[in-house]
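Reviewing the structure listed below.
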Amino acid sequence: MFADLKSHFDSIKDRRINDTLDGDRARDFAAQTGDLRLDFAKTQIDGAALDQLIALLEKADVAGRREAMFTGAPINDTEGRAVLHTALRNLDGDAVMVDGVDVMHDVLATLDRMEVFAEAVRDGSYQGQGGAITDVVNIGIGGSDLGPKMGTLALAPYHDGPRCHFVSNVDPADIAQTLQGLDPATTLVIVASKTFTTIETMTNARTAKAWMGETVKDTGAQFAALSTAADKTADFGIAPSRVFGFEDWVGGRYSMWGPIGLSLMIAIGPDAFRAFLRGGQAMDRHFRAAPWRENMPALLALVGIWHNQVCDYATRAVLPYDNNLSCLPAYLQQLEMESNGKGVSLDGAPLPYNSGPVVWGEPGTNGQHAFYQLIHQGTRVIPCEFLVAARGHHDDLHHQHQLLVANCLAQSEALMKGRTLDEARAKVADKFDGAELERQAAHRVFPGNRPSITLTYPQLTPEMLGMLIALYEHRVFVEGVVLGVNSYDQWGVELGKELATSLQPVVEGTKAATDKDGSTAALVGFLQSYGL
Ligand code: F6P
């Protein structure tokens, strides 16, 4: 499928991006919607490549699949489910039909209930045994943790509600260290689990209940649940008035827009949460209406396909020059890798090309002092994706923000321009000569011509965060459709879960490791000899 694009890349790959970068290219290889701008001019994609990439969208019928998603068709066809996280931010309530039923009534009613509860927690009218809630602990994992955690960190300047904590790992260190120092009598525990069966979450939830039970008489009254499984939340002892349900057409990694976002709503308030939803809705409208050449999610997806499937760059680095987005790379790891890390296409045949890329990253400028060395001079090419705002939230420190922006722009410029051997020689000619000059200069050469894209926006507001997250969701959708995979199931997480269950009696010592392979048995033996 990518053969023509690959041969086109081969024919242009030595062309210096820098030599092509006039004002027209900066205009033509960019897109803007609202106040969010995507620049992909610092890549090798040229007009011919873009034409061929857009042809992939037509061939895969991305437009048809997009309509199928927005209108509730069961496009998650290994689980027989619609994919309708977009309904959670459909604030105008236009009908969205699933199996002949308009789901918007329930979606908006749940949003209203969340808002009433969040306000009550924030204004102190909902109380714990010891008075107004001072701390909220969200217990969840994967999509039931990363979204609200990432969002709460991202929107820290808007955080005017109780303190929020996030517990995800079954490692007791996570819950023990989080609960340490909290007052159970003024803590609200939110158990966030779509299925209400995830072993890590349910184990932590029981630990939290026992901790609270040492002080609080009616523990259930200080618990809330976010789940599709009303029967299981009732069994856990949480009253229906504090259970916020959603449907199975909300995938875990797409769920922060609905009940799973409750901790974020409590942190920033219902108005700011609605602004976040409005941002997502604005991106939905853009994605549905904009022609491909102006369509930001589609263009971002095509950049991804170009780098991963065409150029064979196996990873992409997400580098927010926005410290409050420190959790964005982890959030995108789940969103992108759980969605498009698939080995077979929709019909079950092995994928004849690479699945989605490895996604990783850290905020700048920190990463510059850690792994950027490899990005600049290592032998592998790593496409970089920068994010940067015009303004931070600390006007009195704007000069520091300007330094941050200068660093961000300098990195993409350095990646593109590099430094030639002649330039490197000139840098050290006053210190060395002869063979030593050549040796020293060689270490200071930057190959350059390394691709990057940059997303720019005025400020990281709730609305802008909504636009950004919806942008990435739709990017994943488009990449998945072009690759022909199901972006909405996650069978690859099942085997490890099953084996963990079968290993539990082995590590507890109630069952011998005889049916385990030699390596696993030896690992268990070593750990048991040290007190496992
Ligand atoms: O590990 C797989 C997974 O199902 C994720 O997709 C999901 O976000 C996470 O586990 C948590 O699931 P739940 O919300 O059902 O506890």
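Counting starts at 1 for both ligands and their atoms, in listed order.
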Donor-acceptor pair, side chain of Thr110 and main chain of Phe244, under 3.5 angstrom: no

Atom 10 (O) of ligand 1 touched by protein (heavy atom, under 4.0 Å):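 For atom 10 (O) of ligand 1 the answer is no, since every protein heavy atom stays at 4.0 Å or beyond.
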
Plane angle bin for Phe117 and Tyr126 - parallel if under 30°, tilted between 30 and 60°, otherwise perpendicular: perpendicular

Glu200 heavy atom under 4.0 Å from ligand 1: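 False for this residue.
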
Pairing of Lys194 and Asp248 as salt bridge, 4.0 angstrom limit: no

Lys/Arg-Asp/Glu bridge criterion (N-O < 4.0 Å) met for Asp99, Arg81: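 The answer is no: the pair does not qualify as a salt bridge.
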
Ligand 1 N/O within reach of Gly143 N/O, cut-off under 3.5 Å: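 Indeed, backbone or side chain, Gly143 has an N or O that close.
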
Proximal ligand 1 atoms for Thr195, defined as those under 4.0 Å from one of its heavy atoms: 13 (P), 15 (O), 16 (O)

Ligand-residue contact atoms, ligand 1 with Thr198, heavy atoms, under 4.0 Å: 12 (O), 13 (P), 15 (O), 16 (O)

Heavy atom of the protein closest to atom 6 (O) of ligand 1 (residue, atom name, distance):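 Protein heavy atom with the smallest distance to atom 6 (O) of ligand 1: Glu338 OE1, 2.8 Å.
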
From the candidates Lys497, Gln334, Glu494, Met202, the one that places a heavy atom nearest atom 4 (O) of ligand 1: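 Minimum heavy-atom distance to atom 4 (O) of ligand 1 goes to Lys497.
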
Residue selection (non-hydrogen contact nearest atom 2 (C) of ligand 1) among Ile260, Val493, Thr228: Val493

Donor-acceptor pair between Asn354 and Asp312 side chains, under 3.5 angstrom: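 Yes, Asp312 and Asn354 have a side-chain donor paired with an acceptor closer than 3.5 Å.
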
Stepwise ring-ring contact (aromatic ring centres under 6.0 Å, His included) check, Tyr331 with Tyr472: CA-CA 10 Å; Tyr331 176 83; Tyr472 284 113; 8.5 Å; no

